[in-house]
There are 2 protein chains.
Amino acid sequence: MARYARVTTVSMSGGSGDTAEERARTAVDRAVANIDRAADDDPDIIVLPETFTGLGCDSDMWFATAEPVPGPTYGRLAERARHYHCHIVCPIVRQDGGRTYNSAILIGRDGEVIGICDKMHPTVSELAIGVTPGVSAPVFETDFGSIGFAICFDLNFRDVIEDLASGGAELVCFPSMYRGGLQTRIWAFDHAVYFASATPDEGSVIVDPLGNVLEQSDRYEPIISRRVNLDFADMHIDENHQQWEAIKAKYGDAVELDILSPEARFVLYSHHPELSVEDIIAEFSLETTQEYFARSSLRREEALRGASL
Amino acid sequence: MARYARVTTVSMSGGSGDTAEERARTAVDRAVANIDRAADDDPDIIVLPETFTGLGCDSDMWFATAEPVPGPTYGRLAERARHYHCHIVCPIVRQDGGRTYNSAILIGRDGEVIGICDKMHPTVSELAIGVTPGVSAPVFETDFGSIGFAICFDLNFRDVIEDLASGGAELVCFPSMYRGGLQTRIWAFDHAVYFASATPDEGSVIVDPLGNVLEQSDRYEPIISRRVNLDFADMHIDENHQQWEAIKAKYGDAVELDILSPEARFVLYSHHPELSVEDIIAEFSLETTQEYFARSSLRREEALRGASL
């Protein structure tokens with residue numbers, strides 16, 4: 001069963017003004033204008049950059065943009081989410097009681113909060129001014145798929161992607177100050193997830209589960225957008241490729257095989273209106289990459305025991 | 001202190017003949033011809049493809065190419081290593097008592113065996129025909145640097161690169177049947193090591209510690225070669241870049257800063273005849289990526305404890 005989603009990310013700089021409140025308010029004005037433009041494509045989710053309300057502020061003013069949820073920024077974006085019936089990722093400096101977090105708020109189509117992710121690995125300088133780290137990286141369910149977050153510096157720590165992968169994330173949103181580059185492709189490839197980054201100015205990317213960059217923003221195209229299919233599974237060529245001919249002969253273009261040649265991997269997508277990738281896997285006795293590597297490790301353990309090593 | 005090494009890898013197909021012995025012998029003829037050509041560049045190390053003596057054989061004949069070390073193939077390559085006063089990586093199916101391994105033999109400049117690495121993760125089909133796995137991935141010292149191995153399917157299992165990185169490998173040799181592609185760049189980038197692959201026919205690569213492909217073999221250039229500098233350290237831009245100007249002002253091109261922009265990383269190379277990268281690090285209070293991430297994690301732990309999370 002094809003599970004299509006239109007993923008949109010916005011590259012943008014911050015607001016203007018002399019106070020944290022003014023900077024945040026004008027940054028939200030800018031974000032709303034971008035959301036209104038992005039809405040032409042009828043997105044399922046729009047991702048904004050890390051703490052976009054504090055972009056360009058010095059450290060003190062950045063910290064002072066902190067606001068609770070619900071709060072003014074959340075309120076204005078929730079209204080847009082309702083209006084366009086889409087999800088919006090709203091990354092802000094967030095106040096909760098006495099604590100301050102660097103957070104991404106996942107807003108649902110009705111404007112409700114689906115979940116909040118706190119940056120697990122604030123930088124040393126963020127920690128020094130009092131940012132509280134997140135404890136783990138949660139995964140949230142939406143009507144189109146499972147979504148997790150890595151926020152900026154998080155991209156350097158594998159515990160984040162391991163949390164997300166074990167939680168079943170299909171799409172990782174990466175609101176960030178820096179672009180990540182190769183590392184965004186590495187995480188997408190290593191764990192077979194889509195990756196959607198939103199950074200200031202330019203260099204946001206949408207990466208597919210084979211690590212291919214599908215879209216990249218630049219000065220001419222600060223808003224990037226892609227329809228992806230979340231009904232997919234990644235596989236290793238080794239013991240699956242014998243079935244390719246039979247699959248294509250039976251299902252034609254209702255099933256897509258995206259083959260990554262030197263890496264010996266492929267992703268199977270179902271565009272079929274009734275059959276899911278799981279159905280195809282069962283019908284043709286396919287094995288996912290994860291299952292194949294687990295089986296290989298098991299056989300290895302047996303061989304080591306057999307050789308008394 | 002610049003620590004230069006000329007790294008050479010050979011893409012080649014196997015031998016011919018009706019028996020395992022003939023196939024192995026003619027494959028070694030081919031390898032020796034390639035080594036003689038490669039020697040024009042005066043390499044410090046030459047890497048051959050995975051089990052090159054059994055290339056193109058079916059499974060039974062491949063297994064039958066197994067030979068001990070010392071043995072005929074090792075003997076002929078050791079003679080070439082002595083002749084050219086260089087290291088040679090000799091990957092063969094290896095017999096040791098009752099066991100059979102898929103191994104890479106590191107031959108030193110005097111023809112001696114510096115070390116043997118057994119493939120840690122043979123494929124399911126290799127295990128099925130009786131290949132014994134290696135227990136861990138060792139690191140060997142040479143006169144130009146520390147060398148480890150990943151053999152083909154090993155490239156899918158992170159325990160291999162983690163063994164190699166914790167053992168201090170500076171250069172990972174990757175004799176393989178498949179090319180690896182993005183994954184060779186991932187391992188090089190994640191652990192800041194050089195990567196040198198040797199595969200059948202074409203697609204061998206030499207990758208630098210930032211994950212850049214320096215050389216790639218193809219049909220016109222089956223032998224690739226690069227002079228690399230193993231006196232390097234990888235760093236994160238965040239808290240080091242303030243020193244760049246002072247370093248360059250003092251040492252000019254005796255110190256090289258290779259900056260990888262969207263990834264926010266750089267590698268510092270010393271080409272200085274007397275100062276090592278460690279000396280430069282100490283003089284300018286720099287911090288390696290590994291140290292920086294460890295410090296960040298420590299600060300995070302403290303913040304979590306402070307917030308009672």
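Below, chains carry the letters A, B, ... as their sequence lines are ordered, and counting in each starts from 1. Since this is a predicted model, take the numbers as computed values, not measurements.
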Which portion of A/Glu302 sits near chain B, non-hydrogen atoms under 4.5 angstrom = neither
Check each atom of A/Leu182 against the heavy atoms of chain B and say whether the ones under 4.5 Å are side chain, backbone, both or neither.
-> both
Heavy atoms only: give me the nearest [X]-[Y] pair and the separation to one decimal.
X: A/Gln183; Y: B/Phe189; value: NE2-CE2, 3.7 Å
X: B/Val135; Y: A/Leu309; value: CG2-CB, 3.9 Å
X: B/Val124; Y: A/Ser296; value: CG2-OG, 3.5 Å

Interchain contact, B/Glu239 with chain A, by part (heavy-atom threshold 4.5 Å) =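 Just the side chain, heavy atoms under 4.5 Å.
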Within a radius of less than 6.0 Å around CD of A/Gln290, do more than 12 heavy atoms belonging to other residues, nucleotides or ligands occur?
-> no
Is a donor on one side and an acceptor on the other found under 3.5 Å between the side chain of B/Arg300 and the backbone of A/Gly134?
-> yes
B/Arg99 side chain to A/Ala307 main-chain N or O, any donor-acceptor pair under 3.5 Å?
-> yes
Counting C-beta onward and ignoring hydrogens, is there a side-chain heavy-atom pair between [X] and [Y] closer than 4.5 Å?
X: A/Arg185; Y: B/Arg185; answer: yes
X: A/Asp190; Y: B/Arg158; answer: yes
X: B/Asn156; Y: A/Thr289; answer: no

Hey, what do you get for CE (B/Met120) to OG (A/Ser297), rounding to the nearest 0.5 Å?
->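 So the gap between those two atoms works out to 9.5 Å.
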What's the spacing between A/Leu304 CG and B/Thr132 OG1 if we round to 0.5 Å?
->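 Going from CG on A/Leu304 over to OG1 on B/Thr132, the span is 8.5 Å.
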Give every residue pair that meets the ring-ring contact (aromatic ring centres under 6.0 Å, His included) criterion with at least one member in residues 285-309 of chain A, sequence neighbours excluded.
->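 Counting only pairs at least two positions apart or across chains, the ring-ring contact (aromatic ring centres under 6.0 Å, His included) contacts touching residues 285-309 of chain A are A/His236-A/Tyr292, A/His236-A/Phe293, A/Tyr292-B/Phe153, A/Phe293-B/Phe153, A/Phe293-B/Phe157.
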Considering only heavy atoms and a distance below 4.5 Å, find which of B/His121, B/Arg179, B/Arg299 pairs most often with chain A.
->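 Result: the option with the highest number of such pairs is B/His121.
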Name the option with the most non-hydrogen atom pairs under 4.5 Å to chain A; the candidates are B/Leu155, B/Thr184, B/Asp238, B/Ile186.
-> B/Ile186
Non-neighbouring partners of B/Glu50 that pass side-chain hydrogen bond (donor to acceptor under 3.5 Å, both in side chains), sequence neighbours left out | B/Asn102, B/Lys119
